[in-house]
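Small disclaimer: the values here were computed from a predicted structure and weren't measured.
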Amino acid sequence: MRSSDARRAPLGLRAAAWAVVAFLHVPLALIVLYAFSAEDQSYVFPPPDLTTRWFAVAWNDRPDVWRAIRLSFEVASYATAFALVLGTLAAAALARTQFFGREAISLLLILPIALPGIITGIALRSAYSTLEIPFSFWTIVLGHATFCVVVVYNNAVARLRRTSPSLIEASMDLGADAFQTLRHVILPQLGSALLAGGLLAFALSFDEVIVTTFTAGQQTTLPIWMLAELVRPRQRPVTNVVAVVIIALTFVPILLAYYLTRADEPGAR
Amino acid sequence: MTHAVALERVYCEYGAVKAVDGVELAIAEGEFFTLLGPSGSGKTTCLRMIGGFALPTAGRVLIEGRDLTDAPPYARPVNTVFQDYALFPHMNVRENVAYGLMVRGVPRAERARRAAAMLELVRLPGVGGRRPSELSGGQRQRVALARALINEPRVLLLDEPLGALDLKLREQMQAELKALQRRLAITFIFVTHDQHEALSMSDRVGVMNRGRLEQVGTPREIYESPATRFVAEFVGAANLLEGDAARRYADGAACALLRPERIRLGSEAGARASGTVADRQYFGAFVRLRVELQSLQLAVDVPADGVVPEPGARVQLHWNAEAIRRLDGNG
């Protein structure tokens with residue numbers, strides 16, 4: 001009887017939990033609602049009328065939307081790919097070894113994410129101009145890679161430290177060379193950590209504004225496009241339509257990660 | 001004749017620490033050889049140099065007569081059972097056991113057949129589809145054994161493989177390991193800090209202390225004729241006679257050993273010493289008395305089923321002359 005009491009939270013706590021959910025999600029609900037608003041000059045509540053025509057407008061008449069989404073997607077993909085390779089290698093170098101400068105390197109690796117983005121942005125911009133590198137797609141990718149590397153590194157190094165070093169020795173002992181050991185033992189061990197790190201890196205890059213402002217030339221990534229749209233008092237709901245599409249798309253990797261890491265759990269420890 | 005494994009004046013130093021300090025050792029084909037020693041004595045480092053996980057700073061490691069001092073682990077005809085088993089958590093038992101065949105490109109059907117045969121050999125059939133995390137400690141131990149044996153190594157290295165098991169299971173695995181070794185007729189090199197394990201399983205034992213091999217011999221030689229004071233104290237219970245006591249009871253040797261079970265209680269006639277029981281400890285099979293002599297304490301093991309003197313009782317101690325073992329060396 002005591003335990004059944006314990007299982008049911010008191011009314012106050014339940015109300016608080018729902019209040020937090022509301023706090024987090026009411027703004028999102030408003031975004032979705034305004035995507036259907038017939039009023040395109042300003043946000044009025046309640047919307048005078050509901051329509052789905054903005055979806056058609058975004059799809060047919062606004063190629064700038066799709067260019068921005070596509071650019072953001074490409075930048076995030078490349079930045080994540082760079083981060084996966086560099087972050088994993090850095091983690092492998094630092095996880096269990098001892099060498100001169102090791103502590104300094106691991107601190108310096110974490111720094112880009114601790115520094116305000118504006119500092120990273122200014123630093124990159126002045127570095128590019130000093131080296132006379134013209135702004136391009138790749139300067140954005142490099143800028144994003146600086147902080148994407150950190151999240152991959154953090155995930156990978158934590159997993160490597162929890163992985164018994166004798167697994168690697170066992171693999172070599174059984175006849176596997178370094179490459180086979182990487183493929184059959186180390187990468188599967190790192191798998192879910194790299195997935196988590198990679199998703200986070202992708203998400204960070206996808207909505208990055210500050211560093212992008214400093215490192216992009218004429219290119220407009222999605223967040224930059226959205227900021228620009230806010231200033232324009234025309235076709236406001238199109239921005240919301242894009243937001244709705246992004247929310248919908250975001251659910252796919254989140255659910256995927258949830259199921260993949262859950263399936264991972266019984267074998268993990 | 002070629003030895004299964006030979007260490008020739010092998011040193012292994014980590015900075016200022018001499019983990020292995022000039023070890024010279026030859027292990028015969030088909031031998032069950034145990035490296036026994038306290039933690040930090042260098043026994044595991046020796047094993048790791050044979051397996052290829054540690055490189056000697058000087059000396060040579062020969063396996064089957066070939067100099068493999070610097071060969072990587074995957075190029076040596078030896079396999080290892082690791083202390084923590086090191087089973088791959090993301091693979092099932094069958095994949096774990098067949099790993100050595102998989103990386104050598106053996107076809108899938110043959111892998112499955114030989115993995116099943118190996119699991120049969122370690123008396124663990126029917127668990128091939130399970131994950132290592134779903135097995136008990138003893139079962140994991142057997143899987144690790146099967147995985148190491150599937151490559152048909154000439155030498156199997158075992159690094160304290162029974163350390164994590166409870167006593168009953170450990171004794172059972174000791175018997176099984178020994179039987180397996182006889183059946184496969186390959187060389188086992190076993191590392192342990194457990195003297196009972198070393199004495200009961202091995203053909204020969206090497207006792208290590210502070211990076212050096214103190215003595216190599218059969219379990220009986222190690223126990224009955226320890227070469228150094230360290231070996232006498234580390235293997236079994238020991239009364240060490242020194243100074244006055246040694247002069248008096250061991251014909252003037254500097255140091256001598258008298259095992260507690262070699263001392264008997266008896267009558268005054270012909271007694272070699274007499275003393276007072278200070279304390280007694282019950283061990284089940286025997287009772288260990290602590291007997292105070294003038295300037296010396298002796299441990300004396302007496303059968304638990306006989307008359308055991310109370311603390312404070314006066315006792316007469318007897319032993320045969322050959323029970324006293326002179327110890328040389330200063331170890």
Angle class for the Phe147(A)/His144(A) ring planes (parallel below 30°, perpendicular above 60°, tilted otherwise)?
tilted
Do Leu145(B) and Leu180(B) have side chains that get closer than 4.5 Å, going by heavy atoms?
yes
Contact origin within Ile150(B) toward chain A - heavy atom pairs under 4.5 Å
neither
Electrostatic pair Glu95(B):Arg111(B) at N-O distance under 4.0 angstrom:
no
Heavy-atom pairs under 4.5 Å with chain B, option from Glu169(A), Arg183(A), Gln180(A), His184(A) with the top count:
Glu169(A)
Taking the side chain as C-beta and beyond, is there a heavy-atom pair between Pro223(A) and Thr212(A) under 4.5 Å?
no
Could you tell me which portion of Phe88(B) (side chain, backbone, both or neither) has an atom closer than 4.5 angstrom to a non-hydrogen atom of chain A?
both
Checking side chain to side chain donor-acceptor pair (under 3.5 Å) for the pair Thr192(B)/Asp194(B): CA distance, chi angles, key distance, verdict?
CA-CA 5 Å; Thr192(B) 184; Asp194(B) 181 336; 5.3 Å; no
Counting only heavy atoms closer than 4.5 Å, note whether Ala148(B) contacts chain A via side chain, backbone, both or neither.
backbone
So, the part of Asp84(B) with a heavy atom under 4.5 Å from chain A: the answer is side chain
In terms of the angle between their ring planes, are Tyr78(A) and Trp138(A) parallel, tilted or perpendicular, with boundaries placed at 30° and 60°?
perpendicular
Using a 4.5 angstrom heavy-atom cutoff, name the option from Glu134(B), Gln83(B), Arg48(B), Arg76(B) with the most pairs to chain A.
Arg48(B)
Relative to chain A, which of Asn79(B), Asn151(B), Val78(B) shows the most heavy atom pairs under 4.5 Å?
Asn79(B)
